[in-house]
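Below: the structure, in structure tokens.
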Number of protein chains: 2
Amino acid sequence: MLNSDSVDRVFHALGDATRRAIVERLSRGALSVSELARPLDITLAAVVQHLQVLEESGIVQTEKVGRVRSCQLQPDGLRVAESWLADRRGLWERRFDRLGQLLEEAEPPPGPSRRRKDKP
Amino acid sequence: MLNSDSVDRVFHALGDATRRAIVERLSRGALSVSELARPLDITLAAVVQHLQVLEESGIVQTEKVGRVRSCQLQPDGLRVAESWLADRRGLWERRFDRLGQLLEEAEPPPGPSRRRKDKP
DNA sequence: CCAATACTCAAGCCGCGACTTGACAATCAC
DNA sequence: GTGATTGTCAAGTCGCGGCTTGAGTATTGG
């Protein structure tokens with residue numbers, strides 16, 4: 001849904017560059033934790049912590065089979081952010097329409113200049 | 001554009017709940033700094049700091065006329081985030097297609113046609 | 001069994017970011 | 001002019017978030 005709590009978790013998760021890098025890799029396909037950790041020069045434990053944030057926000061889904069945890073994107077998580085952004089832009093554009101209407105109402109379209117009022 | 005630096009600034013800006021609240025109000029229309037500050041129970045100075053972050057990320061544009069600074073949304077800033085999200089989901093969906101192709105390759109479907117031919 | 005792999009957990013360090021305070025500047029209203 | 005409004009700046013506090021370390025637990029392969 002769009003309750004402000006999940007919006008908060010999603011945007012907070014995406015606010016970190018390392019987590020966005022993880023999302024980018026996962027958007028190419030599922031990966032294990034150590035595969036995710038390999039190109040990042042941080043500890044495996046740090047990667048796990050990032051994954052917890054991503055999972056609690058609903059962006060990533062993980063499943064442990066044997067001793068390896070497989071991670072994959074859950075696009076519904078990202079869709080929370082997409083909807084929030086779309087809503088903001090929607091309101092902004094509607095506002096422009098209303099502004100246009102107001103301007104048309106208040107000021108009739110500019111005809112020949114009536115700046116000087118000569119007394120005939 | 002989509003260089004990782006502006007993506008970073010935009011998502012970092014949106015990672016804070018107060019800043020998102022500001023963006024929500026501004027998507028209804030332009031407001032002054034003190035109007036923005038009124039419903040938020042933080043100092044005016046704190047609001048100004050949030051606005052600096054939002055402005056440097058390109059999400060908000062401000063202009064000072066007289067003693068009042070008027071703030072309005074600049075939707076191109078949000079579009080940076082929207083494109084990043086759309087790209088991620090695009091790749092994820094393309095991945096599903098390729099997976100389907102692989103499955104079809106490995107296991108010839110009972111249907112008539114094959115999408116890809118084997119290496120000669 | 002033994003060793004290596006692939007995590008997991010708890011604790012602690014530390015810098016950055018959100019926020020306040022207080023003093024100051026510029027503009028408006030009378 | 002005086003005083004109120006509106007914002008700006010610099011400095012400092014403080015908690016949270018990202019990261020490491022180190023020890024521990026399953027799981028796999030030979």
Side-chain angles (χ1 to χ4, degrees), chain A residues 4-26 29-73 77 81, chain B residues 4-26 29-73 77 81:
Chain A
S4 72
D5 211 29
S6 69
V7 172
D8 196 30
R9 275 194 290 270
V10 167
F11 273 108
H12 173 255
L14 294 177
D16 180 88
T18 303
R19 283 194 288 265
R20 283 198 311 280
I22 290 177
V23 170
E24 292 193 10
R25 309 252 329 277
L26 288 183
L31 290 171
S32 75
V33 179
S34 36
E35 283 170 333
L36 280 172
R38 190 120 40 222
L40 308 170
D41 55 352
I42 56 178
T43 312
L44 189 78
V47 175
V48 171
Q49 287 164 10
H50 282 304
L51 282 170
Q52 280 169 0
V53 173
L54 287 168
E55 192 162 15
E56 281 160 15
S57 76
I59 296 177
V60 162
Q61 188 190 0
T62 78
E63 186 197 6
K64 190 156 184 179
V65 36
R67 64 182 165 178
V68 40
R69 175 172 297 277
S70 169
C71 314
Q72 64 177 343
L73 222 63
Chain B
S4 72
D5 211 28
S6 69
V7 172
D8 196 31
R9 276 194 289 269
V10 167
F11 274 108
H12 173 254
L14 295 177
D16 180 89
T18 304
R19 282 194 289 264
R20 283 199 310 281
I22 290 177
V23 170
E24 292 193 12
R25 310 251 329 277
L26 288 183
L31 290 171
S32 76
V33 178
S34 36
E35 283 170 333
L36 280 172
R38 191 119 41 221
L40 307 172
D41 55 351
I42 57 179
T43 311
L44 189 78
V47 175
V48 171
Q49 286 163 10
H50 282 304
L51 283 170
Q52 280 167 0
V53 173
L54 287 168
E55 191 162 16
E56 282 160 16
S57 75
I59 296 177
V60 161
Q61 188 189 1
T62 79
E63 187 197 6
K64 189 156 185 179
V65 36
R67 64 179 167 180
V68 40
R69 174 172 298 276
S70 170
C71 314
Q72 65 177 344
L73 222 61

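The structure presented is a predicted model; accordingly, all values stated were derived computationally and were not measured. In what follows, chains carry the letters A, B, and so on, assigned in the order in which the sequence lines appear, proteins first and then strands, with residues in each chain numbered from 1.
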Please list, for nucleotides 11-20 of chain C, all pairs of protein and nucleotide N/O atoms separated by less than 3.5 Å.
unit_1	atom_1	unit_2	atom_2	d
C/dA18	OP1	B/R19	NH2	2.8
C/dA18	OP2	B/R19	NH1	3.4
C/dC19	OP2	B/H50	NE2	2.3
C/dT20	OP2	B/T43	N	2.7
C/dT20	OP2	B/T43	OG1	2.6
C/dT20	O5'	B/T43	OG1	3.3
C/dT20	O4	B/Q49	NE2	3.2

Does [N] have its OP1 or OP2 closer than 4.0 Å to a side-chain nitrogen or oxygen of [X]?
X     : N     : value
A/S32 : C/dA6 : no
A/K64 : C/dT8 : yes
B/S34 : D/dG7 : yes

Write down the distance between [atom1] ([X]) and [atom2] ([N]), rounded to a whole number of angstrom.
X     : N     : atom1 : atom2 : value
A/L36 : C/dT5 : CG    : C1'   : 17 Å
A/E63 : C/dA6 : CD    : P     : 18 Å
B/L51 : D/dC9 : CG    : P     : 13 Å

Going by atom types only, do A/S70 and A/E63 share a side-chain donor-acceptor pair under 3.5 Å?
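No.
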
Is there a side-chain contact between [X] and [Y] (heavy atoms, below 4.5 Å)?
X     : Y     : answer
A/C71 : A/L26 : yes
B/I59 : B/V53 : no
B/Q72 : B/V60 : no

Spatial distance of atom CZ (A/R69) from atom OG1 (A/T62) [nearest 0.5 Å]
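Answer for the CZ-OG1 pair, A/R69 versus A/T62, is 4.0 Å.
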
Nearest 0.5 angstrom please: A/E56 CD to A/L51 CG, how far?
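The CD atom of A/E56 sits 11.0 Å away from the CG atom of A/L51.
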
Looking only at non-hydrogen atoms, find the nearest pair between B/D16 and B/H50 and report the distance.
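Shortest heavy-atom separation between B/D16 and B/H50 comes out as OD2-CE1, 3.5 Å.
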
Which atoms form the tightest heavy-atom contact between B/V10 and B/A81, and what is the distance?
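In this case the closest contact between B/V10 and B/A81 is CG1-CB, 3.8 Å.
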
Give me, pair by pair, the N or O atoms of the protein and of nucleotides 23-30 of chain D that are less than 3.5 Å apart, along with how far apart they are.
unit_1	atom_1	unit_2	atom_2	d
D/dT27	O2	A/R67	NH1	3.0

